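FYI, the numbering just counts along the sequence from 1. Computed from a predicted structure; not experimentally measured.
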Amino acid sequence: MGFTDTRFNVNLSILFTELPLPERPAAARAAGFTAVELWWPWVDAPVPGQAELDALRTALTDAGTRLVGLNFYAGQLPGPDRGALSVPGEESEKFRANVPVAVEFGRSLGCTAFNALYGNRVAGVSAAEQDALALENLAFAARAVAEVGGTVLIEALNAPESPHCPIVSAPKAIEVVDAVNAATGLDNARFLMDLYHLSMNGEDLAEVIDRYTAKTAHVQIADNPGRGAPGTGDLDFTDLLGRLKKAGYQGWTGLEYKPGDGPSAGAFEWLPAPLRAARS
């Protein structure tokens, strides 16, 4: 299926979840991968204990896996939440408390890409108020990651699965990216192009790639329908990833799909083993 020029990493928050978190990096390495990404692993703890942070750091380094992407705290993910930074009150406060913790954890592992998930619309609060709070918090995050030469990623989810999330199209995500960069002047906010979510929205993936690759700093993939491995659905990843390369994309492509009924180690048959290890 090609893919010789694509740099893949494995999302350890959706793959290898049959294992305890500290065992997942080694399992990914055993499957041939040397780069990984994570949603914020402690859904109830934006500021976990130092021992938990140290244990995960050790697991990643001992396995020989490089952390290339990390979500900020986003509430119950997976679960009912879709982010925290636009939600007034406790959730917003948790997000802001998490930012320096996540940035320092990423810095200690050489990770400079941080995904900031927006949040659902909530009753009793106007969209304008939530959007103003979101911009304030995103600017806060952008300034924090700038201290480590990092990037804040803005991801578009999909409307069928996230009906209360306002960021459910590529143009809307780009609008937020531009607003954050205008607010900070740092130019370190970028688009996270998740081809599964965009496909679920019915967007023209070729057009999205052609229009927005220049503002994209991370890509995630899963097939559609089903959010399974490439080849289980209808998306042509040979074409899509080739188009990304032609458009100038040289970043990471995260495997963020469900492994199916068997162990995660068996969910990579579509990708020849020599193409799994990270290439600089």
Side-chain angles (χ1 to χ4, degrees), residues 1-43 45 48-73 77 98 101-115 145 147-151 153 192 194 217-222 228-230 237 241 244-245 249-260 262-280:
M1 295 178 70
F3 312 134
T4 56
D5 296 312
T6 301
R7 294 196 299 162
F8 292 105
N9 69 270
V10 175
N11 188 307
L12 297 182
S13 298
I14 193 169
L15 285 154
F16 297 105
T17 57
E18 67 269 23
L19 300 173
L21 179 63
E23 297 179 19
R24 296 177 202 171
R29 187 67 185 86
F33 295 94
T34 56
V36 300
E37 63 182 53
L38 283 162
W39 303 339
W40 185 248
W42 301 281
V43 297
Q50 190 61 47
E52 293 179 282
L53 292 164
D54 291 343
L56 179 56
R57 184 185 298 107
T58 298
L60 289 162
T61 54
D62 285 356
T65 49
R66 175 182 175 185
L67 184 67
V68 299
L70 179 65
N71 282 19
F72 289 120
Y73 169 81
L77 189 72
N98 172 253
V101 178
V103 170
E104 172 56 25
F105 184 75
R107 183 208 61 76
S108 73
L109 291 161
C111 176
T112 57
F114 299 89
N115 187 17
V145 304
E147 297 295 320
V148 297
T151 301
L153 302 171
L192 192 165
D194 186 311
H218 195 71
V219 171
Q220 292 173 336
I221 63 171
F237 285 103
L241 298 182
L244 274 162
K245 176 179 169 54
Y249 183 68
Q250 298 179 336
W252 295 98
T253 296
L255 307 183
E256 196 185 54
Y257 58 77
K258 298 176 182 178
S264 295
F268 306 107
E269 293 180 358
W270 63 275
L271 183 63
L275 302 183
R276 299 176 190 178
R279 295 180 295 283
S280 300

Any side-chain heavy atom of [X] within less than 4.5 Å of one from [Y]?
{"X": "Val36", "Y": "Val68", "value": "no"}
{"X": "Asp194", "Y": "Leu192", "value": "yes"}
{"X": "Pro230", "Y": "Phe268", "value": "no"}
{"X": "Leu19", "Y": "Ser264", "value": "no"}
{"X": "Val10", "Y": "Phe16", "value": "yes"}
{"X": "Asn11", "Y": "Leu38", "value": "no"}
{"X": "Ile14", "Y": "Tyr257", "value": "no"}
{"X": "Val145", "Y": "Thr151", "value": "no"}

Hey, does the side chain of [X] reach the backbone of [Y] with a donor-acceptor pair shorter than 3.5 angstrom?
{"X": "Tyr249", "Y": "Leu241", "value": "no"}
{"X": "Thr34", "Y": "Ala277", "value": "no"}
{"X": "Thr17", "Y": "Ser13", "value": "no"}
{"X": "Arg276", "Y": "Ala31", "value": "yes"}

Task: Distance-only donor-acceptor check, side chains Thr253 and Gln220, under 3.5 Å - done: no
For the [atom1] atom of [X] and the [atom2] atom of [Y], what is their distance to the nearest 0.5 Å?
{"X": "Leu244", "Y": "Phe237", "atom1": "CG", "atom2": "CZ", "answer": "10.5 Å"}
{"X": "Glu256", "Y": "Glu37", "atom1": "CD", "atom2": "CD", "answer": "6.0 Å"}
{"X": "Leu60", "Y": "Arg66", "atom1": "CG", "atom2": "CZ", "answer": "12.5 Å"}
{"X": "Arg24", "Y": "Leu56", "atom1": "CZ", "atom2": "CG", "answer": "9.5 Å"}
{"X": "Leu70", "Y": "Leu109", "atom1": "CG", "atom2": "CG", "answer": "9.0 Å"}
{"X": "Arg7", "Y": "Trp252", "atom1": "CZ", "atom2": "CH2", "answer": "4.5 Å"}

Open item on the list: Please tell me whether Tyr73 and Trp42 form a close aromatic pair, meaning their ring centres lie under 6.0 Å apart.
Closed with: no
Specify the closest pair of heavy atoms between [X] and [Y], including all atoms of both residues, with the distance to one decimal.
{"X": "Ala229", "Y": "Ala267", "value": "CB-O, 3.8 Å"}
{"X": "Pro48", "Y": "Glu52", "value": "CB-OE1, 3.6 Å"}
{"X": "Phe105", "Y": "Leu53", "value": "CE1-O, 3.3 Å"}
{"X": "Gly69", "Y": "Cys111", "value": "N-SG, 3.5 Å"}
{"X": "Ala278", "Y": "Ala35", "value": "CB-CB, 4.0 Å"}

Task: Option among Leu255, Asn9, Leu12 that satisfies the side chain to side chain contact (heavy atoms under 4.5 Å, CB included) test with Phe33 - done: Leu255
Task: side chain to side chain donor-acceptor pair (under 3.5 Å) partners of Ser108, counting only residues at least two apart - done: Arg57
Task: Gln50 atom CD, over 12 foreign heavy atoms within 6.0 Å - done: yes
- [ ] For Glu147, check salt bridge (Lys or Arg N to Asp or Glu O under 4.0 Å) against everything at least two apart and list the hits.
- [x] none
TODO: Please work out whether the ring planes of Phe72 and Phe114 are parallel, tilted or perpendicular, with thresholds of 30° and 60°.
DONE: parallel
